[in-house]
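Just so you know, residue 1 is the first one in the sequence shown, and it goes up from there. Scope of the values below: all heavy atoms of this structure, side chains included, with no hydrogens, waters or symmetry mates. Keep in mind that what you see is a predicted model, and the values were worked out from it rather than measured.
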Amino acid sequence: SYSIPRTFYVSPAGHDHWSGLNSEPTADGLDGPFGSIHRAQEALRELKAAGHLQGPATVYIRGGNYGLPETLVFTHADSGTETSPITFRAYPNEKPVLSGGRQIRGWRQLDEGPLWVADVPLGWSFNQLFVNGKRATRARIPNTGYLRSAGPLPGISNPQAERDNPAAKRGFRVKPEDLQLWPDMTDAIFVVYHSWATSLHHVDTVNTAANTVTFLQPAHWPMGYWEREQRYHVENLFSALDSPGEWYLDEGESLLYYWPREDEQMTEAVVIAPILRQLV
């Protein structure tokens, strides 16, 4: 018997219906590399299941960006052996990039002002945005630093004694002058500062008479546990979209708003938001 090396290629210029045996498309355009790492996985699994994977097998991934529609999962089905190792590696001197993001296109200027808007798929929620490879800032109040609460919710006199009380972890009293800053709370995210961590919260209720805000999700610590006047800031408010490099996502209308920086042309910009929580 003898070893039969197996080599496959993946490229952004490839197609999954090609053989994957060529490092670049053929002159006639009828064959070439695979277009996805997932297809290369399938090809090796098929060879392995048929008993044809004898000798080393390598998948060379050409340079470029690979947007993953789902997490890339390797299992025992992808494992090689001592005599038939399986290797996924970058093509020599090239840099492939695995991305868990999706590009957002179709930008249009809003009423000839500084803001641009684009449609996003229904139900797509994300916390980060990158424009031409640079992280953008989710519109927030204040733009820098933080606000302070007016203390724990009514009825919570000693937050340190309320360690196991979920109600103590779901909101706080707000200074009246700060409460007036948020006319649009539907998509708002409260970022609450604890001793060494932060917690993120969607709004449940805002009581303008009692000057309180409560959250849908409790924090790990009671509000005011570490500092009675809890530090926080508020993100994803349309009213806070006031500076270049900031964005706001209207989930209800499936619209993304962005204020471009001086060097950004939105008709040409590459705007990417994450769709995956885990790449591999």
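Contact check for Gln41 versus Phe74: side-chain heavy atoms found under the 4.5 Å cut-off. Residues Ile61 and Ile37 form a side-chain contact, since some pair of their non-hydrogen atoms from C-beta on lies under 4.5 Å apart. Within the 4.5 Å cutoff, the side chain of Arg6 has no heavy atoms near those of the Ser84 side chain. Leu21 is not listed as a side-chain neighbour of Thr7, based on a closest heavy-atom distance of 4.5 Å or more. By the 4.5 Å heavy-atom criterion applied to side chains, Leu276 and Leu68 are counted as neighbours. Residues Met223 and Ser149 are not in side-chain contact: their nearest non-hydrogen atoms beyond the backbone lie 4.5 Å or more apart. Side-chain contact check for Arg135 versus Gln128: some heavy-atom pair is nearer than 4.5 Å. You'll find the side chain of Ile86 reaches within 4.5 Å of the side chain of Leu53, heavy atoms only.
Remark: the backbone N or O of Ala139 is not paired with any side-chain donor or acceptor of Glu246 at under 3.5 angstrom. When atom types are taken as modelled, the side chain of Asp31 and the backbone of Pro25 share no donor-acceptor pair closer than 3.5 angstrom. Judged purely by atom type and a 3.5 angstrom limit, Asp250 uses its side chain to pair as donor or acceptor with the backbone of Glu253. Side-chain N or O atoms of Asp184 include none that pairs as donor or acceptor with a backbone N or O of Leu237 at under 3.5 Å. Distance alone, capped at 3.5 Å, is enough to place a donor-acceptor pair between the Asn132 side chain and the Val270 backbone. No side-chain donor-acceptor contact under 3.5 Å links Arg148 to the backbone of Gln230. Remark: the backbone N or O of Gln217 is paired with a side-chain donor or acceptor of His201 at under 3.5 angstrom. Within the 3.5 Å criterion, the main-chain N or O of Leu153 finds no donor-acceptor partner in the side chain of Thr212. The closest donor-acceptor contact from the side chain of Asp28 to the backbone of Leu30 lies under 3.5 Å. Thr71 contributes no side-chain N or O that, together with a main-chain N or O of Val73, makes up a donor-acceptor pair within less than 3.5 Å.
Hydrophobic clustering, with ILVMFWY side chains joined whenever heavy atoms are under 4.5 angstrom apart, keeps Val213 apart from Val191. Under the 4.5 Å side-chain heavy-atom criterion for ILVMFWY residues, no single connected hydrophobic cluster contains both Val174 and Leu200. No path of Ile, Leu, Val, Met, Phe, Trp and Tyr side chains, each step under 4.5 Å between heavy atoms, connects Leu279 with Ile272, placing them in separate hydrophobic clusters. Val59 and Leu72 fall within a single hydrophobic cluster, where Ile, Leu, Val, Met, Phe, Trp and Tyr side chains are chained together by heavy-atom contacts under 4.5 Å.
For Arg163, the CZ atom sits in a packed shell: over 12 heavy atoms of surrounding residues, nucleotides or ligands are nearer than 6.0 Å. At most 12 heavy atoms of other shown residues, nucleotides or ligands fall within 6.0 angstrom of atom CG in Asp164.
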Could you walk me through whether Arg62 and Val10 pass the side chain to side chain contact (heavy atoms under 4.5 Å, CB included) test, one step at a time?
CA-CA 6 Å; Arg62 301 296 305 261; Val10 180; over 6 Å; no
Would Ile141 and Asp178 count as a side chain to side chain contact (heavy atoms under 4.5 Å, CB included) if you check the C-alpha gap in whole Å, the side-chain angles of each, and the deciding distance to 0.1 Å?
CA-CA 9 Å; Ile141 295 177; Asp178 293 337; over 6 Å; no
Check the pair Val234 / Ile189 against side chain to side chain contact (heavy atoms under 4.5 Å, CB included), numbers first and verdict last.
CA-CA 6 Å; Val234 189; Ile189 304 290; over 6 Å; no
Verify side chain to side chain contact (heavy atoms under 4.5 Å, CB included) between Leu249 and Val120, making sure each step is shown before the conclusion.
CA-CA 9 Å; Leu249 176 62; Val120 297; 4.0 Å; yes
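Under the 3.5 Å distance criterion, with hydrogens and angles disregarded, a donor-acceptor pair is assigned to the side chains of Thr214 and Thr205. At a cut-off of 3.5 Å, with distance as the only test, a side-chain donor of His194 or Ser199 sits close to an acceptor on the other residue.
If you look at Phe172 and Phe215, their ring centroids are closer than 6.0 Å. Aromatic pair His233/Tyr193: centroids less than 6.0 angstrom apart. In this structure, Tyr232 has its ring center at least 6.0 angstrom away from the ring center of Tyr146. Aromatic pair Phe88/Tyr60: centroids not less than 6.0 angstrom apart.
With respect to the salt-bridge test (charged N to carboxylate O, under 4.0 angstrom), the residues Arg108 and Asp119 qualify. Under 4.0 Å is where a charged nitrogen must lie from a carboxylate oxygen, and between Lys134 and Glu264 no such pair does.
Annotation for Pro166 and Pro218: closest pair O-CB, 4.4 Å, computed over non-hydrogen atoms. In plain terms, the two heavy atoms of Arg170 and Leu216 that are nearest each other are NH2-O, 2.9 Å. Here the closest non-hydrogen pair linking Gly252 and Asp187 is N-OD1, 4.4 Å. Minimum interatomic distance between Pro33 and Trp18 (heavy atoms only, all atoms of both residues): O-CE3, 3.4 Å.
With respect to Trp247, the ring pair (Phe, Tyr, Trp, His ring centres under 6.0 Å) criterion is satisfied by exactly one of Phe126, Trp259, Phe130, Trp116: Phe126.
By the 30° and 60° cut-offs, the orientation of the rings of Trp221 relative to Tyr225 is tilted. Taking the six-membered ring where tryptophan is involved, the planes of Tyr257 and Phe238 are perpendicular, since the angle between them exceeds 60° and thus also 30°.
The CG atom of Leu241 sits 14.0 Å away from the CZ atom of Arg140 when rounded to the nearest 0.5 Å. To the nearest 0.5 Å, the span separating CG on Asn236 from CZ on Phe190 amounts to 12.0 Å. To the nearest 0.5 Å, the span separating OG on Ser79 from NZ on Lys48 amounts to 5.0 Å. Here the CD atom belonging to Glu46 is positioned 6.0 Å from the CD atom belonging to Glu42, to the nearest 0.5 angstrom.
Relative to the ring axis of Trp124, Arg102 places its NZ or CZ within 45° and under 6.0 Å from the centre.
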